[in-house]
Peer 1: 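Have a look at this one before I ask anything.
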Number of protein chains: 2
Amino acid sequence: MTGYAPAEAARRSGFSLDTLRYYEKIGLLADVERTAGGQRVFTDDDLGWLVLFRCLRDTGMPIAQMRRYAQLAREGEHTVDERRELLRRHAEQVEEQMRLLQRQYDHLREKIRFYERLPGR
Amino acid sequence: MTGYAPAEAARRSGFSLDTLRYYEKIGLLADVERTAGGQRVFTDDDLGWLVLFRCLRDTGMPIAQMRRYAQLAREGEHTVDERRELLRRHAEQVEEQMRLLQRQYDHLREKIRFYERLPGR
DNA sequence: CTCCAACCTGGAGTGCGCTCCAGGTCAAGG
DNA sequence: CCTTGACCTGGAGCGCACTCCAGGTTGGAG
């Protein structure tokens with residue numbers, strides 16, 4: 001029964017304390033356990049969710065969509081198809097994002113080459 | 001002497017009219033020509049800048065830095081070294097961004113594989 | 001038991017990059 | 001000339017994802 005204090009959860013997940021509270025407030029992270037006194041105790045499961053949120057956030061998924069995913073997961077087994085499809089559609093968008101980024105990176109490198117070939121240094 | 005009306009410039013650059021005006025207002029795009037009556041006329045040169053801004057924006061450069069670059073370019077030849085370095089530093093950040101995106105994309109694909117391997121469909 | 005760093009809440013504030021609006025002006029086709 | 005759609009300005013507003021704050025509570029070390 002591992003439990004992490006807020007500061008520890010923040011350190012492990014890379015999110016700030018405020019962000020963890022925010023994620024709970026908007027219903028991304030649900031039912032975070034509390035001590036008798038009301039202080040949060042994060043479980044390994046919570047940490048797992050945070051790792052996923054980081055992945056989705058870093059790949060540009062809007063919070064509303066992450067919330068939808070989390071919501072579906074909470075509804076149980078019968079939503080697995082929808083969850084899988086949601087992730088697949090997102091993955092496609094990430095692929096598009098990567099292609100665009102690569103393309104613009106190539107432009108950028110060419111622009112830099114232009115500067116490097118400039119006469120007089 | 002090609003000149004483009006605002007709507008045409010927007011179409012060609014992919015930026016909205018409002019964004020074009022905004023870019024001029026904040027000093028990204030300087031000295032856009034006008035008709036006698038005050039309406040903007042975009043040149044091929046302006047369009048070139050817009051293509052660059054799109055590249056930089058799509059690769060995540062903040063507007064303040066784009067403005068700095070544009071400022072340097074306007075100051076003349078003696079800023080080429082600084083401009084090149086600015087672009088190089090940015091390119092490095094884009095590389096880092098691409099690595100992160102790839103890493104998180106891999107996580108995402110693995111998560112999707114998890115769903116695909118799920119027993120019972 | 002005391003202390004104090006870490007935690008709590010609700011709500012306001014921030015930064016970014018646009019986007020929209022009202023109320024007027026311009027200019028090209030008919 | 002007249003119409004009308006594209007354009008102008010200054011400034012307010014928006015959506016997102018946090019981030020910060022005040023004022024109070026908790027809980028483990030000593």
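Every chain is numbered from 1, with letters handed out A, B, ... down the list of sequences.
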Peer 1: Return whichever of A:Lys25 or A:Arg40 has its heavy-atom-nearest nucleotide of DNA chain C closer to the 5' end.
Peer 2: A:Arg40

Peer 1: Return the 5'-most residue of the pair A:Ala36, A:Phe15 with respect to DNA chain D, ranking by each residue's nearest nucleotide.
Peer 2: A:Phe15

Peer 1: Would you say the side chains of A:Asp44 and A:Tyr4 form a donor-acceptor pair under 3.5 Å?
Peer 2: yes

Peer 1: In whole Å, I'd like the distance from the CD1 atom of A:Ile63 to the P atom of D:dT19.
Peer 2: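 Roughly 10 Å, once rounded to whole Å.
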
Peer 1: A:Tyr69 and A:Ile26: same hydrophobic cluster, using ILVMFWY side-chain contacts below 4.5 Å?
Peer 2: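 Same cluster.
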
Peer 1: Return the value, rounded to whole Å, for the distance between atom CD of A:Glu24 and atom P of D:dC18.
Peer 2: 15 Å

Peer 1: Taking all non-hydrogen atoms of both residues into account, name the closest pair between B:Val41 and B:Val32 and its distance.
Peer 2: O-CG1, 3.8 Å

Peer 1: Would you call B:Arg83 and B:Glu75 a salt bridge, using N to O less than 4.0 angstrom?
Peer 2: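 Result for this pair is no, no salt bridge flagged.
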
Peer 1: Restricting to non-hydrogen atoms, name the atom on B:Thr59 and the atom on B:Gln97 that form the minimum distance, rounded to 0.1 Å.
Peer 2: O-NE2, 3.0 Å

Peer 1: What contact category does A:Arg21 fall into here, base, sugar-phosphate, or nothing, at under 4.0 angstrom with non-hydrogen atoms?
Peer 2: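 It contacts base atoms.
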
Peer 1: In whole angstrom, give the distance that lies between atom CZ of B:Arg11 and atom P of D:dC7.
Peer 2: 12 Å

Peer 1: Roughly how many Å is it from CD in B:Gln39 to C1' in D:dC7, rounded to a whole number?
Peer 2: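 Rounding to the nearest Å, CD of B:Gln39 and C1' of D:dC7 are 4 Å apart.
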
Peer 1: Could you go step by step and tell me if B:Arg34 and B:Gln39 meet the side chain to side chain contact (heavy atoms under 4.5 Å, CB included) rule?
Peer 2: CA-CA 5 Å; B:Arg34 304 298 183 111; B:Gln39 305 202 191; over 6 Å; no

Peer 1: At what distance, to the nearest 0.5 angstrom, does CH2 of B:Trp49 lie from CG of B:Leu56?
Peer 2: 9.0 Å

Peer 1: Decide whether A:His90 and A:Gln93 meet the rule of one side-chain donor and one side-chain acceptor closer than 3.5 Å.
Peer 2: no

Peer 1: Give a yes/no on whether any side-chain N or O of A:Thr35 is located under 4.0 angstrom from OP1 or OP2 of D:dT26.
Peer 2: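 Indeed not, no polar side-chain atom of A:Thr35 lies that close.
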
Peer 1: Which two nucleotides bound the region of DNA chain C that has atoms under 4.0 Å from heavy atoms of chain B, read 5' to 3'?
Peer 2: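 Range of nucleotides touched by chain B: C:dG17 to C:dA27.
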
Peer 1: In whole Å, I'd like the distance from the CD atom of A:Gln65 to the P atom of D:dA17.
Peer 2: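 Whole-Å distance recorded here is 11 Å.
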
Peer 1: Which protein N or O atoms sit under 3.5 Å from an N or O of nucleotides 28-30 of chain D?
Peer 2:
none

Peer 1: Within this structure, what is the CG-to-P distance between A:Leu17 and D:dC20, rounded to whole angstrom?
Peer 2: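 Rounded to the whole Å, the gap is 12 Å.
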
Peer 1: Is any side-chain heavy atom of A:Ile63 closer than 4.5 Å to a side-chain heavy atom of A:Tyr23?
Peer 2: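 Yes, at least one pair of side-chain atoms sits under 4.5 Å.
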
Peer 1: Taking atom P of D:dA17 as reference, at what distance in whole Å does atom CZ of A:Arg54 sit?
Peer 2: 14 Å

Peer 1: In whole angstroms, how far is the C1' atom of D:dA17 from the CZ atom of A:Arg57?
Peer 2: 9 Å

